[in-house]
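Positions are given from 1 along the sequence. Note that the structure is a prediction, hence the values are computed from the model and not measured. Just so it is clear, the values below take in all heavy atoms, side chains as well, and ignore hydrogens, waters and symmetry mates.
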Amino acid sequence: MMKKTDHQLAEKLLQISAIKLQPDIPFVWGSGWNSPIYNENPRLLSYPDVRNLIKIEMAKVIVEQFPDADAIASVSTGAIPIGAIVADTLGMPFLFVRSKPKDHGLENLIEGNLKPGWKVVLIDDLISTGASSVKASGEIRLAGGEVVGLVAIFNYEFPMAVKRLRDENITLIPLVNYSDMLDVALKAEYIRPEDLVTLQEWREDPASWVPKNVD
């Protein structure tokens, strides 16, 4: 039986340590959250087979789900390389949205030529709280574009992100969901059965989660 593409990609991301799981020795995110998982998506750029799989699958999603799209835009900065190669594959214009304006020159937030009325597919490398994607979408709309969808490599499936994207009427299509990754990690013995409970609990309330080995 052929593996589903999302499971195949999840397995590859785990193999190259673009996804790292450490339930016993959690990471600390920049937000201050304790986390049993860390995504290092820039690593995948060094693996042509993984990079090409993501490129092909993203291009396929865009052609099938957003056939009227006029341009591809990436959320700065992690998604810029992937967005650029996807746009190149599709022969479409590419632009990216900065998290803050440049402090010199034109002080642009949007880099590239966004024409008013264009339908834009936004690309992000991962969706955690959804805040950066929503902010980028808002900037595109302010500039006269229409965001028709959001495609991401990985989605943590946080309840807060689901609500935020729904409130902004943004359609998200991820290549890999957190729950699918856990299934693959368990079957491939990257985690133990008891780790699965910890990882599921963390996803429900990541901001308040405290590792069991912390008093």
Side-chain angles (χ1 to χ4, degrees), residues 6 9 29-31 33 39 41-42 44-45 51 54-178 203 206-207:
D6 53 352
L9 180 54
W29 283 6
S31 61
W33 292 357
N39 281 70
N41 278 331
L44 65 87
L45 298 172
R51 188 180 68 220
I54 290 170
K55 176 187 72 176
I56 290 167
E57 290 305 313
M58 279 196 167
K60 188 185 301 182
V61 166
I62 291 166
V63 169
E64 292 176 354
Q65 301 297 324
F66 311 110
D68 297 331
D70 300 300
I72 305 297
S74 281
V75 178
S76 184
T77 58
I80 291 175
I82 291 297
I85 62 174
V86 170
D88 189 60
T89 299
L90 295 172
M92 295 175 67
F94 175 71
L95 48 119
F96 66 90
V97 185
R98 292 180 177 273
S99 56
K100 58 183 180 180
K102 285 196 299 187
D103 58 4
H104 61 280
L106 299 177
E107 300 183 349
N108 293 334
L109 260 174
I110 298 177
E111 297 287 4
N113 183 25
L114 174 62
K115 295 182 180 179
W118 265 5
K119 292 178 170 59
V120 178
V121 174
L122 196 58
I123 288 180
D124 208 344
D125 58 337
L126 60 89
I127 306 297
S128 54
T129 66
S132 61
S133 297
V134 167
K135 184 176 185 297
S137 176
E139 295 299 336
I140 290 171
R141 289 167 177 165
L142 284 173
E146 178 189 350
V147 175
V148 294
L150 169 63
V151 184
I153 298 172
F154 187 81
N155 176 26
Y156 279 102
E157 298 179 285
F158 290 153
M160 69 188 81
V162 172
K163 181 180 186 305
R164 181 172 275 149
L165 294 173
R166 184 176 60 237
D167 290 347
E168 294 294 326
N169 197 30
I170 298 174
T171 299
L172 167 63
I173 301 180
L175 299 187
V176 178
N177 278 315
Y178 184 79
R203 188 193 66 83

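- Once rounded to the nearest 0.5 Å, the distance linking CG of D68 with CD1 of I62 reads 13.0 Å.
- For the atom pair CG (D125) and CG (L44), the distance works out to 8.5 Å, reported to the nearest 0.5 Å.
- Contact record, S128 with A161: O-CB, 3.0 Å, taken as the closest heavy-atom pair.
- In this structure, V162 and R164 have side chains that are not in contact, with every pair of non-hydrogen atoms separated by 4.5 Å or more.
- Closest heavy-atom contact between T129 and M160: CG2-SD, 3.7 Å.
- The two residues F94 and A84 have their closest heavy-atom pair at CE1-N, 3.5 Å.
- Between I153 atom CD1 and N39 atom CG the span is 9.0 Å, to the nearest 0.5 Å.
- Atoms CG and CD, on L95 and E111 in that order, are 9.5 Å from each other to the nearest 0.5 Å.
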### Task
Could you please spell out the steps behind the side chain to side chain contact (heavy atoms under 4.5 Å, CB included) verdict for E168 and R141?
CA-CA 11 Å; E168 294 294 326; R141 289 167 177 165; 3.8 Å; yes
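- From L126, atom CG reaches atom OG of S132 across 7.5 Å, with rounding to the nearest 0.5 Å.
- Between W33 and F158, the ring planes are perpendicular. Angles over 60° get that label, and only those under 30° would be called parallel.
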### Task
Given side chain to side chain contact (heavy atoms under 4.5 Å, CB included), test L165 with L150 step by step and report yes or no.
CA-CA 10 Å; L165 294 173; L150 169 63; 4.1 Å; yes
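- Panel note: side chain S74, backbone F96; no donor-acceptor pair is recorded below 3.5 Å.
- In the displayed structure, N169 atom CG is contacted under 6.0 Å by at most 12 heavy atoms of other residues, nucleotides or ligands.
- With contacts defined as side-chain heavy-atom distances shorter than 4.5 Å, the pair W118/P93 qualifies.
- The line from CD1 of I82 to CG of L175 is 9.5 Å long, rounded to the nearest 0.5 Å.
- In the displayed structure, K135 atom NZ is contacted under 6.0 Å by more than 12 heavy atoms of other residues, nucleotides or ligands.
- Taking both residues in full, the closest heavy atoms of L45 and R51 are given as O-NH1, 2.7 Å, listed atom of the first, atom of the second, then distance.
- Scanning all heavy atoms of the two residues, the minimum distance from R98 to S76 falls at CA-CB, 3.8 Å.
- When atom types are taken as modelled, the side chain of R203 and the backbone of E157 share a donor-acceptor pair closer than 3.5 angstrom.
- Judged purely by atom type and a 3.5 angstrom limit, D6 has no side-chain atom pairing as donor or acceptor with the backbone of V176.
- The side-chain heavy atoms of V148 and V120, taken from C-beta on, include no pair separated by under 4.5 Å.
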#### Entry: Residues N155, L172; criterion side chain to side chain contact (heavy atoms under 4.5 Å, CB included); working and verdict
CA-CA 9 Å; N155 176 26; L172 167 63; 3.8 Å; yes
### Message
Evaluate M58 against I123 for side chain to side chain contact (heavy atoms under 4.5 Å, CB included), listing each step before the verdict.
### Response
CA-CA 9 Å; M58 279 196 167; I123 288 180; 4.0 Å; yes
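- Contact between D70 and G117 at its shortest, heavy atoms only, is OD2-O, 4.2 Å.
- Side-chain contact of N177 with Y156: a donor-acceptor pair under 3.5 Å is absent, judged by distance alone.
- With hydrogens and angles ignored, the 3.5 Å screen pairs a side-chain donor or acceptor of T89 with a backbone N or O of I85.
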